[in-house]
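Not measured: the values here are computed from a predicted model. Every chain is numbered from 1 and lettered A, B, ... according to where its sequence line falls, protein lines coming before strand lines.
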There are 2 protein chains.
Amino acid sequence: MRPPTIRDVAERAGVSKSLVSLVLRGSDQVRPEKRDAVLRAAQELGYRPNAAARSLSERRTRTVGVLLNDLRNPWFVDLLDGLNSLLHANGLRMMLADARLNRRTGQDPADPLLDLRVDGLVVVGTLPDPAALGDVAGRIPVVMAGSREPAPPGVDVVAGDDERGARLVTEHLIGLGHRRIAHIAGYGAVGGLRRRSFEATMRRHGLADRVVVEPSDMTEEGGYRATVRLLSRPDRPTAVFAVNDIAAIGALSAAGELGLRVPHDLSVAGYDNTSIARLRHVWLTTVDNTSHDVGRRAAHCLLERFEGVGGEGRIQLATPTLEIRGTTAPAP
Amino acid sequence: MRPPTIRDVAERAGVSKSLVSLVLRGSDQVRPEKRDAVLRAAQELGYRPNAAARSLSERRTRTVGVLLNDLRNPWFVDLLDGLNSLLHANGLRMMLADARLNRRTGQDPADPLLDLRVDGLVVVGTLPDPAALGDVAGRIPVVMAGSREPAPPGVDVVAGDDERGARLVTEHLIGLGHRRIAHIAGYGAVGGLRRRSFEATMRRHGLADRVVVEPSDMTEEGGYRATVRLLSRPDRPTAVFAVNDIAAIGALSAAGELGLRVPHDLSVAGYDNTSIARLRHVWLTTVDNTSHDVGRRAAHCLLERFEGVGGEGRIQLATPTLEIRGTTAPAP
DNA sequence: GCCCCTCTTTGGACCGTTCCAGTACCTGTC
DNA sequence: GACAGGTACTGGAACGGTCCAAAGAGGGGC
């Protein structure tokens, strides 16, 4: 009644358990007829290797932990795709954990993954307490993906090039003839980079005195409020570049409520190319982070560290692309 | 350099490994001073139990596998919250797997979870091949959550009461004075239930001849197209009830393009209360599935089955609630 | 002082793998 | 026919825990 073990398979095939182990791990030092006998026996018994026993013996789990900061915001899905493609090709499985779920239970979000002795850790997005990763990084390879927060030593960082993305948007708006361009800023490393790049790009085009920056908390509500403030200024901007899509959605609502048509009276651009930006009802001009690529690079970093390559933490940036949709148009 | 084991702790505390094991599992048959010595030694060494060794010996993993059908559509997040709260309280950890990620690699999406010998399985949403669960259900408890597909024998089903939810929406629209009410239908068990309940409710209110049903593929594009067809009919409906939020978003776009104002000229309602419905820019009237409750009930089912309660598969329905927002108003 | 009983503590078997050091057998060489 | 050198296979010791039977330590009653 218990699941069959390697010994059951061995007995049925008339060989030793060691030989079964050899066959199942694909050794070529086995005579074909024995190999077939073993495979047939395994098949007939419905044998599946016990991962716990294997990792106990091998002293590794062939598993990479993926720590997500918030499942509610699904921008990371493409990133996971990219991660998975490379990890899977290297015989590694992924194990997902939601930092938010475990946070309320009071323990370190990475604990369940560490208990399982994952061979490596990918942190997706911004973590409440990145410093805690320092200890972990001392034991297993750690990569932070999709976030630009300062990483503890020994941790690699892979993310989109926020500076370049913000420049793409700003130059797009300038190219459309906009001069009074406002930025709805966010917080954290990402917020800072996008904002500074916006300002620098404006300066480079001789628009230093037209720079308007309104802070926000990167939520829809925050984007809405910031836009209301912006649009009630005497020198109303003709374009708004929001730090992310969700704040841009708030900007769209504010424009609508104040009777401004988008993009006729006001251009709005976001950042992240979330699924919401792709909705026909929204059709938001935005920046795509090429998350799939970020995921692949993160996997690559991890694989290199498994091979012993590494040293200090590296930073890799993926090149974002501009997605021009329906919310930006020539200045009125 | 290797992580400390139970034997290292034992040596440091000056006791046997068995006693360490007893202490760590919370036995009360241990003298306080020894207990303290053990706990201190464990603390000092930074000992963490090896999950693989433990599950090998205990012959269970204290882990529940959660199979998600598509991370891209984050309606399941509240459900996971509910699941997690109860499972965590019972010393079980959750392990997430994305069926879509593994699908492209060609293997059964539950395979990684089964290799890890999870003690139970929760399937969230609709799976491509539910029949495959039959085999699994023979070995470990399986619960399907948030989907109404027919379940293999021995599998419990916990979901929202789609019949009731669709009735709530339909009666809300009828109560607002609407008579020509159209339904943008979906497919599958959920689509069928919502549609039949819509029709039955219309009949019960003497509106059998006003029933209009337009099929869709439950995407934004599908909702858009269905609505364009509906609105170009001579007897244009004054209200549209879409099978889910995302199709309702498509309906909003279609209405906008055809010059109809929502909710003044056309009321639109969705289903699922996704985060998109909560956006101020959308502010969609919809049905909340009380997913948190669904998750808790699913966890409860699983826990009961662990205790040996069970028998044939049961079906449990959670009571949905109507979220009235800005897209429904009295009939013109 | 001895026996019995309860409360603590311990050694060792076991869980299902991998891995290593052999063993057995075969083939070719001198 | 002895021997070297492969190739193909095997037994047993890990891996790090849990669990159980049994040993040791005290205490009380006679």
Side-chain angles (χ1 to χ4, degrees), chain A residues 1-39 41-42 45-63 91 93 112 114-119 139, chain B residues 1-39 41-42 45-63 91 93 112 114-119 139:
Chain A
M1 198 52 251
R2 300 196 318 210
T5 74
I6 201 172
R7 286 169 223 268
D8 299 325
V9 176
E11 192 176 348
R12 177 159 194 133
V15 299
S16 73
K17 64 173 182 30
S18 303
L19 188 64
V20 175
S21 179
L22 280 176
V23 170
L24 294 179
R25 277 172 307 123
S27 164
D28 54 353
Q29 299 283 72
V30 178
R31 261 207 307 258
E33 62 259 39
K34 296 248 181 184
R35 175 193 311 282
D36 292 347
V38 167
L39 291 178
L45 291 174
Y47 168 78
R48 34 184 358 134
N50 182 321
R54 172 180 306 203
S55 47
L56 185 57
S57 177
E58 270 193 316
R59 328 191 72 231
R60 61 179 185 150
T61 52
R62 297 173 182 276
T63 300
R93 67 169 80 82
L114 297 179
D115 283 350
L116 291 167
R117 295 282 204 276
V118 291
D119 295 336
R139 314 208 136 277
Chain B
M1 199 50 251
R2 300 196 318 209
T5 74
I6 200 173
R7 288 166 223 268
D8 299 324
V9 176
E11 192 176 348
R12 179 162 192 127
V15 298
S16 72
K17 64 177 180 30
S18 302
L19 189 63
V20 175
S21 177
L22 279 176
V23 170
L24 293 179
R25 278 173 307 122
S27 163
D28 53 353
Q29 300 283 74
V30 178
R31 264 209 303 258
E33 62 258 38
K34 296 252 179 183
R35 176 195 310 283
D36 292 347
V38 168
L39 291 177
L45 291 175
Y47 168 77
R48 34 184 359 133
N50 182 319
R54 177 187 305 225
S55 48
L56 185 57
S57 176
E58 271 192 315
R59 329 191 74 229
R60 62 177 184 152
T61 51
R62 295 175 185 275
T63 300
R93 67 170 77 82
L114 296 179
D115 283 349
L116 291 166
R117 294 282 204 275
V118 292
D119 295 336
R139 312 205 138 278

Between Asp28(B) and Lys17(B), the residue closer to the 5' end of DNA chain C by nearest nucleotide is Asp28(B)
Interatomic distance, CD@Glu58(A) vs CZ@Arg25(A), rounded to 0.5 Å, equals 7.5 Å
> Does Gln29(A) make a side-chain N or O approach to OP1 or OP2 of dA8(D) shorter than 4.0 Å?
Replying inline: yes
Interatomic distance, OG@Ser57(A) vs CG@Asn50(A), rounded to 0.5 Å, equals 11.5 Å
In whole angstroms, the gap separating C1' of dG17(D) from CG of Leu56(A) amounts to 8 Å
Picking from dT17(C), dT10(D), dG16(D), the nucleotide nearest the side-chain atoms of Tyr47(A) would be dT17(C)
Note: Pro4(B) and Leu45(B) closest approach over all heavy atoms is CG-O, 3.4 Å
Taking OP1 and OP2 of dG16(C), is either one under 4.0 Å from a side-chain nitrogen or oxygen of Arg59(B)? yes
So CZ of Arg117(B) and OG1 of Thr61(B): to nearest 0.5 Å the spacing works out to 10.0 Å
- prompt: Below 4.5 Å, heavy atoms only, C-beta onward: do Val20(B) and Tyr47(B) meet side chain to side chain?
  reply: no
Which of dT18(C), dG17(D), dT9(C) is nearest the side chain of Ser57(B)? It is dG17(D)
Closest to the side chain of Ala53(A), out of dG16(D), dT9(C), dG16(C), is dG16(C)
Rounded to whole Å, the CG-P distance (Leu22(A) to dC20(C)) equals 12 Å
Atom CZ of Arg60(A) and atom C1' of dC19(C) are separated, to the nearest Å, by 13 Å
Would you tabulate the side-chain donor-acceptor contacts of residues 29-39 of chain A under 3.5 Å, counting partners in other chains and residues two or more places apart, or write 'none'?
{"unit_1": "Arg31(A)", "atom_1": "NE", "unit_2": "Glu33(A)", "atom_2": "OE2", "d": "3.4"}
{"unit_1": "Arg35(A)", "atom_1": "NH1", "unit_2": "Ser27(A)", "atom_2": "O", "d": "3.4"}
{"unit_1": "Arg35(A)", "atom_1": "NH2", "unit_2": "Ser27(A)", "atom_2": "O", "d": "3.0"}

note: Arg2(B), atom CZ; dA14(D), atom P; distance rounded to Å ~ 12 Å
*asked:* Using a 4.0 Å heavy-atom cut-off, does Thr5(A) contact any base of the nucleic acid, only the sugar-phosphate backbone, or nothing at all?
replied: sugar-phosphate
When every non-hydrogen atom of Arg62(B) is compared with those of Asp119(B), the smallest separation belongs to N-OD2, 2.6 Å
(message) Using a distance-only criterion (donor-acceptor N/O pair, under 3.5 Å, no hydrogens), is the base of dG11(C) paired with the side chain of Ser16(B)?
(response) no
Leu19(A) CG to dT23(C) C1', in whole Å, measures 15 Å
In whole angstroms, the gap separating P of dA25(D) from CZ of Arg31(B) amounts to 11 Å
Notebook entry, point to check: Phosphate oxygens OP1/OP2 of dC15(D): is one of them under 4.0 Å from a side-chain N or O of Arg54(A)?
Noted result: no
With a 4.0 Å cutoff (strictly under), does any side-chain N or O of Ser21(A) reach OP1 or OP2 of dT18(C)? yes
From NZ of Lys34(B) across to P of dC7(C) the rounded distance in Å is 18 Å
Separation of dA13(D) atom P from Glu58(A) atom CD, nearest Å, is 21 Å
Considering only heavy side-chain atoms of Asn50(B), the closest of dG17(D), dC15(C), dG12(D) is dG17(D)
| Is the backbone of Ala52(A) close enough, under 3.5 Å, to the side chain of Ser55(A) for a donor and an acceptor to pair up by distance? | yes
Under a 4.0 Å heavy-atom cutoff, the residues of residues 6-14 of chain A touching DNA chain C are Ile6(A), Arg7(A)
